[in-house]
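Proteins come first, then strands; the chains are lettered A, B, ... in the order of their sequence lines, and each starts at number 1. As the structure is a computational prediction, the values presented were derived from the model and not from experiment.
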Amino acid sequence: MIKELVLKAVTGMGIEADYVEVEIPKMQSQGDVSTPVALGLAGVLRKPPRVIAQEIIAAIKEMPRGDIAAFDTIEIAGPGFINFRFNKDYLYEQLRLLYRERQLRLSVDVGRGKRVLIEFVSANPTGPLHVGHGRGAALGNALSNLLQTAGYAVEREFYINDAGRQVRLLGQSVFAAYNTLLENPCPYPEEGYRGELVERIAGELASTDGNRYIGVDFDNCAQHFIDYSYRKMLEEVKEALDSFGVHFDNWQSERLLFDGGMVKGGIDSLRDKGYVYDKDGAVWFKSSELGDDKDRVIIKQDGQYTYFASDLAYHVMKIGRGYDELINIWGADHHGYIPRVKAVLRAEGLQESRLTVLLVQMVSLLRDGKPVQMSKRAGEFITLKDVIGEIGSDTTKFIFMTRRSDSHLDFDLEAAKKQSSENPVFYVQYAYARINSLFKKHRTDMSSLFSDRIDSIDLSCLNAEEELQIIKKLVLYPMTFQGAVRSREPHRITFYLQELAAIFHPYYNKYRILTEDGPLTDARLLMCACISIVLEEGLRILGLSAPKLM
RNA sequence: GCGCCCAUGGCUCAAUUGGACAGAGUGUCGGACUACGGAUCCGAAGGUUGGGGGUUCGACUCCUCCUGGGCGCGCCA
């Protein structure tokens, strides 16, 4: 709203601008909202910023009364900032609107129905999920919720690597375990998988198939072992995600890309465009002409497809499905892969900006400051499931959501556990529960309390500095929301929630909400209801629970 | 060797994408209601943002060099 106001003023002065920065100052003395546009324009207009600011303010003050009624003061400060201060009546009105039309007030429709595909986790179905996957899951989930709320048509997709060497190795490992179990010792494949799960799956096969496959060459029963094993693993993965509260719309099978002819089709499509050639008995993708540092093999000399072949086809297929935007959430160890996938987009004639790859940095799992050794193949492993079991789903998610995704994360199990009773997530949830308990005490239902007389409640008694601070925080939620959407950074919501809780708790401590004074109680309850509304919304986006009791 | 990412109080992290005096939590020290939930609240100490140089009205943020750490660099997946 302020953005539009300033923008209108600026363009009214004959200056071209399509975007103005509006921010919430750190210091209260610097107004409620603020813009540095005049500073930015100083260079272009070759005039002192304060003079420009003055002109902008003058232009704003010329505007229709209705447009500027929200502000008490609009003034220049410092080197040329323009600071706005809300007037109370405006704030009260906004608070009332927040209660009355929550859906409308909580989000900003920036997506306008654009279709976005968010692909995340996509772990090989060869073993259980680890914490790193959990980080990707938490981020993907929150980002999906965030964009969906912002009016995007979001689809969440998990890409299943059910073709190729890794699942074969898994099948072979289970085969070895099966044989060993039935007293026909058999060496595990060199880089095979071990562990509880592998043995459990082997056990299941032993009991259903008996010794039918004893003495059989692996190559003659490979499909059976592979299929059974990876499906079991996939179930395990789904279960873990389920208990983590993360769900997908599509599960895209890599094998189906081969069987459905999409791999061949994808390659043909690029060949038609002149980006595929044969050399040394192999088939190559000319990615070096499209921003990658070298060309990539798609079909090896021995006729086998490389891993990249199916991934290439997968992305061609994604494009074909008609999304406006593709988002991939990858572990940072795949960063070297970005240029070649972007090259696929370019080859298909798309702007590479249609694909955003968000890298999730590595998670180092520690216990008491010491690294926990993890080896998937050896089966020594602390899984996501273990971590959730040890410190809880909400706390685990919160740890992921309180930092930006592209920085390394030290995840200390002991610290997390020790902290869990006083974890920041509870601080936020506690605020929510407290408000709920207020309404319970008051014997009223939060959603219906004011429904018939919402307009008759006098909010002007919400005069305390703390109350105004809370109301401003609530009213400015959409700014945080929009920033989070624009930057694709759900963690901003996390910090906002902590800040909101951090002004509510002291307030609650200092002032009494349920008083003898009826109108005052009504007003305070209305404000608390709004806090609760925003907390609930933020928690929902982050995929966290909003408990009414703790 | 080349490329990408990171470095912020003791510890774990933010900082509105170049904005005003760098903020939280945790830890440490000291305090608080016989009323709405003490998973709360109030106060204190703690910083040359890894180091040097540069760009400009203004730098944690951009450029450059250096130091230290992580990850990549297959006709593996």
Taking the P atom of each, how far is B:C60 from B:G18, in whole Å?
-> 13 Å
Per atom distances to the A:F495 side chain, the nearest of B:A14, B:U16, B:C36 is B:A14
Can you find a heavy atom in the side chain of A:D32 that is under 4.5 Å from one in the side chain of A:F71?
-> no
Using a strict 4.0 Å threshold on nitrogen-to-oxygen distance, state whether A:E289 and A:R346 make a salt bridge.
-> no
Nearest-neighbour nucleotide for the A:P36 side chain, B:C75, B:C71, B:G19 considered | B:G19
A:I299 near the nucleic acid: base, sugar-phosphate alone, or nothing, with a heavy-atom cut-off under 4.0 Å?
-> nothing
Determine the interatomic distance between P on B:U49 and the same-named atom on B:G53; round to the nearest Å.
-> 13 Å
For A:C461 and A:L520, which heavy atoms make the closest approach, and how far apart are they?
-> SG-CD1, 3.7 Å
With sugar-phosphate meaning primed atoms plus P, OP1 and OP2, does A:R492 contact a base, only sugar-phosphate, or nothing at under 4.0 Å between heavy atoms?
-> base
Tell me: OH of A:Y508 to C1' of B:G37, nearest whole Å?
-> 5 Å
Approximate separation, where rounding is to 0.5 Å, of A:T126 OG1 and A:N161 CG | 9.0 Å
Describe the nucleic acid contact of A:S437 in one word from base, sugar-phosphate, nothing, applying a heavy-atom distance below 4.0 Å.
-> base
A:K294 side chain N/O closer than 4.0 Å to the phosphate oxygens (OP1, OP2) of B:G74?
-> yes
Heavy atoms under 4.0 Å, any strand shown: does A:D280 hit a base, just sugar-phosphate, or nothing?
-> base
Between A:R524 and B:C36, does any side-chain N or O lie under 4.0 Å from OP1 or OP2?
-> no
Take the protein atom CG of A:D412 and the nucleotide atom P of B:C11, then report the distance between them rounded to whole Å.
-> 14 Å
With sugar-phosphate meaning primed atoms plus P, OP1 and OP2, does A:E21 contact a base, only sugar-phosphate, or nothing at under 4.0 Å between heavy atoms?
-> sugar-phosphate
Separation of the C1' atoms in B:G10 and B:G47, to the nearest angstrom = 13 Å
What nucleic acid atoms does A:Y427 come within less than 4.0 Å of, heavy atoms only: base, sugar-phosphate, or nothing?
-> sugar-phosphate
With no hydrogens and no angle check, is any side-chain donor or acceptor of A:T521 less than 3.5 Å from a backbone partner on A:D517?
-> yes
Pick the P atom in B:U61 and in B:A15, then give their distance to the nearest Å.
-> 14 Å
Indicate the atoms forming the closest heavy-atom contact of A:M401 with A:H491, along with that distance.
-> O-CB, 3.2 Å
Would one find a side-chain N or O of A:R165 under 4.0 angstrom from OP1 or OP2 of B:A77?
-> no
OP1, OP2 of B:A24 versus side-chain N and O of A:K26: anything below 4.0 Å?
-> no
What's the closest nucleotide to the A:R404 side chain, out of B:G37, B:U17, B:A14?
-> B:A14
Quantified in whole Å, what is the P atom distance between nucleotide B:C2 and nucleotide B:U48?
-> 33 Å
Considering Watson-Crick and G-U wobble pairs with both distances under 3.5 Å, what does B:C2 pair with?
-> B:G72
Among B:C13, B:C73, B:C36, the nucleotide that comes nearest once only the side chain of A:I513 is considered | B:C36
Proximal nucleotide (of B:A14, B:G37, B:G19) relative to the A:L39 side chain | B:G19
How close or far is atom C1' of B:G3 from atom CG of A:D333, stated in whole angstroms?
-> 15 Å
For the side chain of A:R512, counting heavy atoms from C-beta on, which of B:A77, B:G70, B:C36 is nearest?
-> B:C36
Distance, C1' atom - from B:U64 to B:G43, rounded to whole angstrom | 45 Å
Among the nucleotides B:G19, B:U12, B:U40, which one has an atom lying closest to any side-chain atom of A:Y430?
-> B:U40
Spell out yes or no: do the side chain of A:D311 and the base of B:A77 have one donor N/O and one acceptor N/O closer than 3.5 Å?
-> no
Out of B:A20, B:C5, B:C13, which has the shortest distance to the side chain of A:Q361?
-> B:C5
Sugar-phosphate, base or nothing in reach of A:E516, heavy atoms under 4.0 Å = nothing
Taking the chi torsion of B:U49, is it syn (within 90° of 0) or anti (everything else)?
-> anti
Expressed in whole Å, how much space separates the C1' atoms belonging to B:U17 and B:C62?
-> 11 Å
Could you tell me whether the side chains of A:R296 and A:Y337 share a donor-acceptor contact shorter than 3.5 Å?
-> no
Based on the glycosidic angle (syn within 90° of 0, else anti), state the conformation of B:C13.
-> anti
Answer with base, sugar-phosphate or nothing: what part of the nucleic acid does A:P506 contact at a heavy-atom distance below 4.0 Å?
-> sugar-phosphate
Between B:A14 and A:S407, is there an OP1 or OP2 to side-chain N/O distance shorter than 4.0 Å?
-> yes
Write down the distance between NE2 (A:H334) and P (B:G72), rounded to a whole number of angstrom.
-> 9 Å
What interatomic distance, in whole Å, is found between C1' of B:C76 and the corresponding atom of B:U56?
-> 49 Å
Whole-Å distance separating the CZ atom of A:F398 from the P atom of B:U26 = 12 Å
Ignoring hydrogens and angles, does a donor from either the side chain of A:S34 or the base of B:A20 sit under 3.5 Å from an acceptor on the other?
-> yes
Atom-to-atom span, NE2 of A:H335 to P of B:G3 - whole angstrom | 11 Å
Identify whether any heavy atom of A:H505 sits under 4.0 Å from a base atom; if not, whether one sits that close to sugar-phosphate; answer base, sugar-phosphate or nothing.
-> sugar-phosphate
In Å, rounded to the nearest 0.5 Å, how long is the span from CD of A:E75 to CD of A:Q30?
-> 11.5 Å
Rounded to whole Å, CG of A:D302 lies from P of B:G74 at a distance of 18 Å
